Amino acid sequence: MTISEEIKRRRTFAIIAHPDAGKTTLTEKLLLFGGAIQTAGAVKSNKIRKSTTSDFMEIEKQRGISVSTSVMAFDYKNYKVNILDTPGHEDFAEDTYRTLSAVDSVIMVIDCVKGVEPQTRKLLEVCRMRNTPVIVFINKLDREGQNPFDLLDEIEKELNIKVRPMTWPIGIGKSFKGVYDLSKKALNLFQGDSKTTVEEKVTINNIDDPLIEKRVGADFAEQLKADVDLIDGVYDTLDPEKYLQGKISPVFFGSAVNNFGIHELLDCFVEIAPSPGPRETDHGTVKPEDAKFSGFVFKIHANLDPKHRDRIAFLRICSAKFERNKYYYNVRDKKQLRFSNPTAFMAQQKSVIDEAYPGDVVGLYDAGNFKIGDSLTEGADLQFKGIPSFSPELFRYVTNLDPMKTKQLQKGLEQLTDEGVAQLFTKKVDGRKIIGTVGALQFEVIQHRLKSEYNASASFDQIDLYKALWVSCEDKKKLDTFLQDRHAHIAQDKEGRPVFLAESAWLLQMAREKFPDIQFHVKSEF
Ligand code: G4P
């Protein structure tokens with residue numbers, strides 16, 4: 001196969017959903033249908049539930065699971081499908097944002113009973129920022145959910161996207177009979193009343209075919225005809241170009257746990273979802289078919305064995321072929337690195353690979369060379385865009401509780417923040433370290449891991465901060481004046497960039513008014 005054929009057959013995506021909508025179940029069913037696993041129950045949910053936030057064993061267990069489910073690849077028809085897992089817990093939202101920078105499209109799962117939920121909204125905002133194409137799967141049709149038209153309305157209004165149904169449910173909840181495939185004009189019916197996993201496909205000539213009534217009864221046939229008329233009148237047909245631009249989302253109905261509606265989803269997905277496309281860097285656009293290799297690290301996972309401090313860095317390949325044992329260039333620290341055991345993930349199996357292509361994700365064993373967002377190239381000095389850190393929401397001072405272990409603490413904080421667990425700021429005036437996170441759970445994770453992996457102990461002390469914002473100004477003198485004036489409220493991030501620590505919204509407003517030329521950024525990339 002040529003490299004361009006390899007690129008064209010790749011589909012790299014993430015499933016996003018509010019917790020409990022059915023992401024894990026759908027992932028598993030896709031793997032089953034793709035022949036990558038043989039039994040249901042093989043994919044463990046990596047959910048960390050609120051109630052278990054203090055349960056460290058639980059966190060460790062979840063970490064173990066999420067290493068093995070970080071990437072799940074399988075072949076389906078002639079396609080190579082790469083599913084990138086995103087954490088369900090909202091405290092790990094930043095992980096999810098970063099993972100979404102490494103995909104080419106997403107499937108969004110919505111529970112038909114609950115409709116659009118808070119996490120759905122947040123995740124879709126990220127997709128819209130990047131114009132990521134979205135396919136919607138409305139799940140749990142075996143439950144008494146909302147009216148499908150109301151659901152579509154809610155999705156369009158709340159998420160501010162246009163939708164186009166591709167399948168349509170016949171009945172819902174107890175009366176759910178199956179779905180009508182609007183493009184293939186086929187009925188896919190549950191067999192019998194048991195809503196078991198067996199499906200039956202009935203091809204019909206058109207929506208007036210008497211066979212429909214024979215199979216689902218007069219009432220449902222009439223309702224379906226009325227619904228289909230309405231759909232054709234209200235929704236535009238699917239323009240694949242618009243889908244690729246993120247302007248319209250095809251919608252499928254089904255029930256993941258019952259294997260229902262998954263085939264239609266998967267078949268349409270591989271057909272219309274984008275193969276790896278061009279990506280922006282600070283030195284122009286990189287195309288997958290470019291001659292030289294490039295990629296970026298979007299996730300780092302620490303080894304679970306505390307005695308071995310090596311980590312796995314997950315690299316998304318953006319251009320050309322990645323090869324084992326070849327020297328590549330880490331742009332940030334200008335180091336040449338060689339990987340003798342790059343790992344690929346086929347479903348639940350990890351294996352050492354000799355080569356990988358754009359769209360693929362490889363796991364690289366790392367002894368501490370990588371940071372999230374690092375670019376790896378064949379020598380080009382380029383930095384991929386779109387993998388920013390976000391202004392954290394919660395802050396704590398770090399106080400060393402064991403002066404004999406200062407080095408360990410330092411190293412632990414460096415490494416954990418390299419992994420993207422949290423952000424580390426150092427105050428200018430007194431050198432005090434501040435940890436910033438997006439969720440409270442991270443503090444527990446850090447404290448626990450500092451102790452168990454680095455044998456360091458630290459306390460996290462309350463600090464009243466409203467926001468930490470990166471600052472910049474075209475005029476360096478003006479920036480210096482600002483940094484001088486507010487020196488008690490200035491810190492540095494790990495890269496040495498200046499950050500303004502605002503104690504309240506009012507103080508931030510004051511700073512903005514007094515220094516109108518200074519720009520305050522909520523993202524580290526500006
Ligand atoms: P998540 O990863 O998005 O958080 O959701 P997950 O797949 O874990 O699904 C959440 C719950 O919803 C699970 O039940 C799962 O079995 C159920 N579920 C998934 N798809 C369907 C569906 O089509 N219909 C119905 N009725 N339920 C569905 P649970 O009780 O939390 O776990 P389990 O013990 O069943 O695994």
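Quick caveat: nothing in here was measured; it's all calculated off a predicted structure. Whatever order the structure lists ligands and atoms in, that order sets their numbers, starting from 1.
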Quick check on contacts: which atoms of ligand 1 are under 4.0 angstrom from a heavy atom of [X]?
{"X": "Ser255", "result": "22 (C), 23 (O), 24 (N)"}
{"X": "Arg143", "result": "26 (N), 27 (N)"}
{"X": "Pro19", "result": "4 (O)"}

Should Asn258 be listed as contacting ligand 1, given a heavy-atom distance under 4.0 Å as the test? no
Hey, are Arg9 and Asp75 close enough for a salt bridge, meaning a charged N less than 4.0 Å from a carboxylate O? yes
Using a strict cut-off of less than 4.0 Å between a Lys/Arg side-chain nitrogen and an Asp/Glu carboxylate oxygen, indicate whether Asp236 and Lys162 qualify as a salt bridge. yes
Trp168: which of Tyr235, Phe149, Phe220 passes ring-ring contact (aromatic ring centres under 6.0 Å, His included): Phe149
Answer yes if the side chains of Tyr76 and Asp267 hold a donor-acceptor pair under 3.5 Å, and no otherwise. yes
Check the angle between the aromatic planes of Phe176 and Phe260 and answer parallel, tilted or perpendicular using the 30° and 60° thresholds. perpendicular
May I ask you to decide if the ring planes of Phe314 and His301 are parallel, tilted or perpendicular, using 30° and 60° as cut-offs? perpendicular
Relative to ligand 1, is Leu26 under 4.0 angstrom through side chain, backbone, both or neither, heavy atoms considered? neither
Heavy-atom pairs closer than 4.0 Å: do any link ligand 1 to the side chain of Val257, the backbone, both, or neither? both
Should Lys247 and Asp239 be marked as a salt bridge (charged side-chain N to carboxylate O under 4.0 Å, His left out) after you check the CA-CA gap, both sets of side-chain angles, and the distance that decides it? CA-CA 9 Å; Lys247 290 187 177 146; Asp239 176 347; over 6 Å; no
Closest to atom 7 (O) of ligand 1 (judged by heavy-atom distance), picking from Asp20, Thr25, Asp85: Thr25
I'd like to check whether Gly22 has a polar contact with ligand 1, where a contact means an N/O of the residue lying under 3.5 Å from an N/O of the ligand. yes
Between Ala17 and ligand 1, is there a nitrogen or oxygen pair with a distance under 3.5 Å? no
